Amino acid sequence: MASSILFFLFLSFFILKTSSQSCTSQKLTLPKTNTLYSNCIELPYLTSFLHYTHNPSNSSLSIAFIASPPSPSGWVSWGLNPTGTGMVGTQAIAAYTQHGEITIKTLDIQSYNVLVPGKLSYDVWDLSAEQSDGVIRIFATLKVKEVGEVNQVWQVGPSVTNGRLDIHGFQPENLNSKGILKLSGGQNFSSVGTGVDSKTRNRNIHGILNAVSWGVLFPLGVIIARYMRTFPSADPAWFYLHVGCQLSAYAIGVAGWATGLKLGSNSVGITYSLHRNIGIALFALATLQIFALFLRPKKDHKYRYFWNIYHHSIGYTIIILGLINIFKGFDILNPEKKWKTTYIGVIAALGVIAVLLEVITWIVVLKRKANKSTKTVDGYNNNGQ
């Protein structure tokens, strides 16, 4: 009975705590006038909220930003970007708790690498912050130069070291925490909730191109070459299918590699070293493999044996590195589970097909050897030698 009561109390507390996290239940007021903010929006990422009032008469924007840091020693921030839509150029206000006290700082963010306190390009007053129940609230009033709408950016980070904010995470939630704020209120984020920004779209294109090239077409080309050439009737069709498949994979892979380079140049300070290095290695090995087509000696040439070693070893290396890098990419993009599941299903299907063909080709090869041996013995007996 006692355990049931405790469970009910815990459940009630959880429901009350959860229901309090919405604009309709939050009744925040401007610190000076004690009046409710004119607008409140539930920001689409990082479980955060923004209450705000715009006063056109003096071009001021009073805000209350609410978010939970990832850890008790973490930080939260909100800001406006007068020059772009991303993090670089943002004039931010950050707050965190250290030694039981709330600290608030302004940040003129000029780089992804270091978040250093600095004077904002906006005039700021009535700056304060508070913390309770794992939630930090930032209050401020800014002199806004923009009319109609502004670019806002918000973020949360894991920790603070010697008064400096440590780098935040790079999950989609963190990378997409930006958007347009309509000063007059109304419907904010109508496109952010359902659409995809250009950087996310380019990341998705990069992932799709590389998954198709290194993760599907290259393995398919190897399957064609390994198993179809066992059957004389498939010659030379298997060769042209193999070459066509690998050339297509290379072209798509180069496009994916190029989009990766573009994403890297547009994301200063965001580096996925292992993913990038494997991508460079794949491009180099695939280029060598294309050269193998022009260096291919005839079947009876004395160097054909060494060419086969070179060609086969590079081909299998590309498949292994490609699969590793694709799953690294999944970890970085963190897409919906169905996309990763679908790709695993495709690879599993190719694997099953390869195993079946391996068994069939071995049966064919062994039968040929047996028939050849029988013919040799018959010929030996018939000639009486």
Side-chain angles (χ1 to χ4, degrees), residues 17 20-82 87 90-109 115 117-146 149-157 160 163 165 168 177-185 188-189:
K17 186 175 177 66
S20 66
Q21 299 300 310
S22 66
C23 278
T24 55
S25 59
Q26 294 171 358
K27 303 296 182 183
L28 287 183
T29 58
L30 284 87
K32 275 191 172 182
T33 62
N34 202 31
T35 57
L36 289 172
Y37 287 91
S38 302
N39 307 283
C40 174
I41 53 175
E42 299 180 19
L43 299 173
Y45 301 102
L46 301 176
T47 316
S48 45
F49 305 84
L50 182 72
H51 300 254
Y52 68 99
T53 296
H54 178 236
N55 187 350
S57 62
N58 63 358
S59 300
S60 66
L61 177 65
S62 298
I63 64 99
F65 173 69
I66 305 170
S68 299
S71 66
S73 59
W75 53 267
V76 306
S77 71
W78 177 90
L80 300 177
N81 191 334
M87 179 177 171
T90 298
Q91 308 297 293
I93 303 166
Y96 57 91
T97 303
Q98 239 179 12
H99 309 299
E101 295 184 358
I102 193 79
T103 300
I104 190 165
K105 292 185 177 181
T106 55
L107 303 157
D108 179 12
I109 302 174
L115 305 180
K119 190 179 185 314
L120 303 187
S121 60
Y122 294 94
D123 292 334
V124 184
W125 64 95
D126 295 339
L127 195 57
S128 64
E130 62 183 29
Q131 187 272 338
S132 63
D133 298 326
V135 175
I136 294 179
R137 303 172 186 85
I138 297 175
F139 301 91
T141 302
L142 302 89
K143 185 87 170 178
V144 292
K145 305 164 189 176
E146 294 84 355
E149 58 187 32
V150 290
N151 297 318
Q152 67 167 332
V153 180
W154 63 98
Q155 195 57 258
V156 299
V160 179
L165 277 62
H168 60 76
S177 55
K178 57 190 175 182
I180 293 174
L181 175 66
K182 295 181 180 179
L183 297 177
S184 59
N188 282 282
F189 298 105

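These numbers come from the heavy atoms of this one structure, side chains and all, not from hydrogens, waters or symmetry mates. Please read all numbers here as calculations on a predicted model, not as lab measurements.
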Could you tell me whether the side chain of [Y] reaches within less than 4.5 Å of the side chain of [X], counting heavy atoms only?
| X | Y | result |
| --- | --- | --- |
| Lys178 | Tyr45 | no |
| Gln91 | Asp108 | yes |
| Thr47 | Ser68 | no |
| Ile180 | Asn151 | yes |
| Leu181 | Leu61 | yes |
| Thr90 | Gln155 | no |
| Ser132 | Arg137 | yes |
| Leu120 | Ile93 | yes |

Non-hydrogen atoms of [X] and [Y] that approach each other most closely:
| X | Y | value |
| --- | --- | --- |
| Gly179 | Trp154 | N-CZ3, 4.0 Å |
| Leu183 | Tyr52 | O-CE1, 3.6 Å |
| Ser121 | Pro82 | OG-CG, 4.2 Å |
| Ala140 | Leu127 | CB-CD1, 3.5 Å |
| Tyr96 | Gly74 | CB-O, 3.4 Å |
| Ile138 | Ser77 | CD1-CA, 4.4 Å |

Backbone of [Y] reached by a side-chain donor or acceptor of [X] within 3.5 Å:
| X | Y | answer |
| --- | --- | --- |
| Lys105 | Ala92 | no |
| Thr53 | Ser62 | no |
| Asp133 | Val135 | no |

Report the C-alpha separation of Ile109 and Val153 in whole Å, then their side-chain angles, then the decisive distance to 0.1 Å, and conclude whether the side chain to side chain contact (heavy atoms under 4.5 Å, CB included) test is met.
-> CA-CA 11 Å; Ile109 302 174; Val153 180; over 6 Å; no
If we ignore angles and hydrogens, is there a donor and acceptor under 3.5 Å between the side chains of Lys145 and Tyr122?
->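 Their side chains do not contain a donor-acceptor pair, so the 3.5 Å distance test is not met.
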How long is the straight-line distance from [atom2] of [Y] back to [atom1] of [X], given to the nearest 0.5 Å?
| X | Y | atom1 | atom2 | answer |
| --- | --- | --- | --- | --- |
| Ser128 | Ile102 | OG | CD1 | 10.0 Å |
| Asn39 | His54 | CG | NE2 | 10.5 Å |
| Glu130 | Thr97 | CD | OG1 | 11.0 Å |
| Leu43 | Leu50 | CG | CG | 5.5 Å |

Chi angles and distances behind the side chain to side chain contact (heavy atoms under 4.5 Å, CB included) call for Val76, Leu46 = CA-CA 10 Å; Val76 306; Leu46 301 176; over 6 Å; no
So His51 and Tyr37, would you call those rings parallel, tilted or perpendicular, with 30° and 60° as cut-offs?
->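 Answer is tilted, since the angle falls between 30° and 60°.
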